[in-house]
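A, B, ... follow the sequence lines: proteins, then strands. Residue 1 opens every chain.
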There are 2 protein chains.
Amino acid sequence: MARRARGTSAGLDRERIAVAAVALVDRDGLERFGVRRLAEELGVDPMSLYHHVKGKAALLDVISEAVLAEVVAVPEGAPHDWEGVARRTAHSYRDMAYRHPRVFPLLVTRAQTSPVALAALERLVSAMRAAGLPDRVAADAPMVLFGFLNGHLLACTGSGPEGPAPVPEFDPDAYPGMAALASRWAGFGSVAEFDRMLGIVLDGIRGQAPRPA
Amino acid sequence: MARRARGTSAGLDRERIAVAAVALVDRDGLERFGVRRLAEELGVDPMSLYHHVKGKAALLDVISEAVLAEVVAVPEGAPHDWEGVARRTAHSYRDMAYRHPRVFPLLVTRAQTSPVALAALERLVSAMRAAGLPDRVAADAPMVLFGFLNGHLLACTGSGPEGPAPVPEFDPDAYPGMAALASRWAGFGSVAEFDRMLGIVLDGIRGQAPRPA
DNA sequence: TCTCGAAACCTACGTCGTAGGTTTCACTGA
DNA sequence: TCAGTGAAACCTACGACGTAGGTTTCGAGA
């Protein structure tokens, strides 16, 4: 690998690093990601990265931020009913998870306090309050929703070494109930399945609102 | 560190290794866990562990299995209504997560196909079918439930370097809705909160059943 | 032209997972 | 009683990792 002379610019900056880092994790997975590999990918000495990012942990932060920014904001003109906002956000979040299945575990593990994440939450919460939902429900709902989204998408996108494990066979003697349902789990990870489950969660939230007489 | 002579037994076996490994992760966290550290903890040469466990990945499997086995089975004599089964299982799962917050991320990341996990699922599924819930609901419900459990508990137990991040301050100008709800998030991670959210999820599932006329 | 900071590179250290080889013990059957 | 044997431990060594600390070079401002 031909290296640059010592003082010449390599044109590094956070943006270029972020893009390369995400691509590297997408390709090789989190396990194989590291400072040295990223540097080689960029044609650069490992230590040069430290002028732009503090270290490996900070690199992971950069990656998760970059990927989270892909979750599209709900368009301003769209209807403001809270269920619509929740559905749109959830699907956009899911799309991102499927685009970057090997990055996704990183998001789930860190507390999300970036402006993008907070803005999405704020839109959901204010839509719920505008619809007259009690504060307790508006407070619980996003945690239930994102709890479900994170857990479920983690399972669907595999998050292990590589892709999601196929649904196992069930011994009908030991597990009669699961064997009977096995065929229903064939489309594991489909949009239809996701939307159905999302519906269950949203139903649960809607049910918390006091019934209008 | 005084080492044993070369041929003498160190009394190693999978059980002893599992116990020490779980304790080590509980104490130092997943990041710091490694073959060499575990060996030192056991007063043993690192390579000796390879006679009982294939390598680091297999060690992590051993850890997650040991911890999952702590989730108590729902007692046989207990009522068989599916909501009771679900609630008990969920709470027992939560207790385990809080007992081993630093191990928990390991569980979420791997597909759970151990007998313990399958047995718990089977109990839930068969209780739902016995109650007359449609197969589609019985198939979706466990995925929604464990999706929520995994995602939510991951957030609550912190799963990062150490404990859960405290709830951040919200700028009332940028995020009016969330600022208004901030006080409701004070008891983040409490049993009461967990039980409330669990109730929301179970409500959603119950709502899928066809209404008895 | 001289200076100086930014940005790159280089060296080196301690740690990691683990392949491959060596040593010793307990148990066997003759 | 004693060589033979296999299990279980230990030892050595290698390549890859994250990163502290130091050195070199370029280009912009004085």
Side-chain angles (χ1 to χ4, degrees), chain A residues 1-22 24-25 27-64 102 105-106 109-110 160-162, chain B residues 1-22 24-25 27-64 102 105-106 109-110 160-162:
Chain A
M1 156 89 44
R3 281 284 155 81
R4 200 171 348 280
R6 234 173 174 175
T8 63
S9 167
L12 280 183
D13 59 18
R14 278 180 82 92
E15 182 61 23
R16 227 163 79 74
I17 292 176
V19 170
V22 170
L24 186 55
V25 175
R27 169 150 54 81
D28 294 349
L30 268 179
E31 322 265 313
R32 300 225 171 263
F33 176 79
V35 180
R36 296 172 115 108
R37 296 180 103 89
L38 178 57
E40 186 175 14
E41 205 71 15
L42 286 163
V44 146
D45 183 275
M47 294 314 288
S48 295
L49 295 175
Y50 282 75
H51 288 279
H52 304 271
V53 182
K54 282 189 182 275
K56 190 184 187 184
L59 262 176
L60 296 178
D61 285 340
V62 165
I63 292 175
S64 67
R102 325 183 89 148
L106 218 49
T109 293
R110 350 203 123 219
E162 74 285 341
Chain B
M1 158 84 49
R3 280 284 153 83
R4 198 171 350 279
R6 239 177 172 171
T8 63
S9 166
L12 281 183
D13 59 19
R14 277 180 83 92
E15 182 60 22
R16 228 164 77 77
I17 291 176
V19 170
V22 169
L24 186 55
V25 175
R27 170 149 53 80
D28 294 350
L30 269 179
E31 323 264 314
R32 301 229 168 262
F33 176 79
V35 179
R36 295 172 115 106
R37 296 179 105 88
L38 177 58
E40 186 174 16
E41 205 71 16
L42 286 162
V44 147
D45 182 274
M47 293 315 288
S48 295
L49 296 175
Y50 282 76
H51 287 280
H52 304 270
V53 182
K54 283 190 180 273
K56 191 185 185 183
L59 262 176
L60 296 178
D61 285 341
V62 166
I63 292 175
S64 66
R102 322 184 90 149
L106 218 50
T109 291
R110 344 202 130 222
E162 74 287 338

Item to check | Sequence-distant partners of R36(A), side-chain hydrogen bond (donor to acceptor under 3.5 Å, both in side chains), two or more places apart | outcome: none
Checklist outcome for this item: Side-chain atoms of Y50(B) come closest, of dA8(C), dT18(C), dA9(D), to dT18(C)
Close N or O pairs between protein and nucleotides 13-17 of chain D (under 3.5 Å):
| unit_1 | atom_1 | unit_2 | atom_2 | d |
| --- | --- | --- | --- | --- |
| dC17(D) | OP1 | R37(A) | NH1 | 2.9 |

Checklist outcome for this item: Bend of the helix from dT1(C)-dA30(D) to dA30(C)-dT1(D) from end-axis comparison, five pairs per end, nearest 10°, comes to 10°
Item to check | Under the side-chain contact (heavy atoms from CB on, under 4.5 Å) test, residues paired with K54(B) that sit two or more places apart | outcome: A58(B)
Next on the checklist: If the cut-off is 4.0 Å, is H51(A) near the phosphate of dC9(C), judged by side-chain N/O to OP1 or OP2?
Outcome noted: no
Checklist entry - In whole angstroms, how far is the P atom of dT15(C) from the CD atom of E31(B)? => result 18 Å
Checklist entry - Is any side-chain nitrogen or oxygen of H52(A) closer than 4.0 Å to OP1 or OP2 of dA8(C)? => result yes
Checklist entry - Once you round to the nearest 0.5 Å, how far does NZ of K56(A) lie from CG of D61(A)? => result 12.5 Å
Checklist outcome for this item: The side-chain contact (heavy atoms from CB on, under 4.5 Å) partners of R37(A) (sequence neighbours excluded) come to L24(A), R32(A)
Item to check | Closest approach of R27(A) to R102(A) (non-hydrogen atoms, all atoms of both residues) | outcome: O-NH1, 3.2 Å
Next on the checklist: Rounded to whole Å, please give me the gap between CG in L38(B) and C1' in dG17(C).
Outcome noted: 13 Å
Checklist entry - Roughly how many Å is it from CG in L49(A) to P in dC9(C), rounded to a whole number? => result 9 Å
Item to check | Residue list, side-chain hydrogen bond (donor to acceptor under 3.5 Å, both in side chains) with E15(B), at least two apart or on another chain | outcome: none
Item to check | Between CG on residue L12(A) and CD1 on residue I17(A), distance to nearest 0.5 Å | outcome: 5.0 Å
Checklist outcome for this item: dist L30(A):CG -> T109(A):OG1 (nearest 0.5 Å) comes out at 9.0 Å
Item to check | Closest to side chain of S48(B), choosing from dA9(D), dA8(C), dT19(D) | outcome: dA9(D)
Item to check | Rounded distance [0.5 Å steps], CZ in R110(A) versus CD1 in I63(A) | outcome: 9.0 Å
Checklist entry - Rounding to a whole Å, what distance do you find between L60(A):CG and dT19(D):C1'? => result 15 Å
Next on the checklist: What is the separation between atom CZ on R14(B) and atom P on dA7(D), rounded to the nearest whole Å?
Outcome noted: 17 Å
Checklist outcome for this item: Here the distance between atom P of dA7(D) and atom CG of D13(B), to the nearest Å, is 17 Å
Item to check | Integer-rounded Å distance: dT19(D) C1' and M47(A) CE | outcome: 5 Å
Next on the checklist: Rounded to whole Å, how long is the line connecting atom CD1 of I17(A) with atom P of dA7(C)?
Outcome noted: 11 Å
Checklist entry - Out of dC9(C), dT18(C), dT19(D), which nucleotide sits closest to the side chain of V44(A)? => result dC9(C)
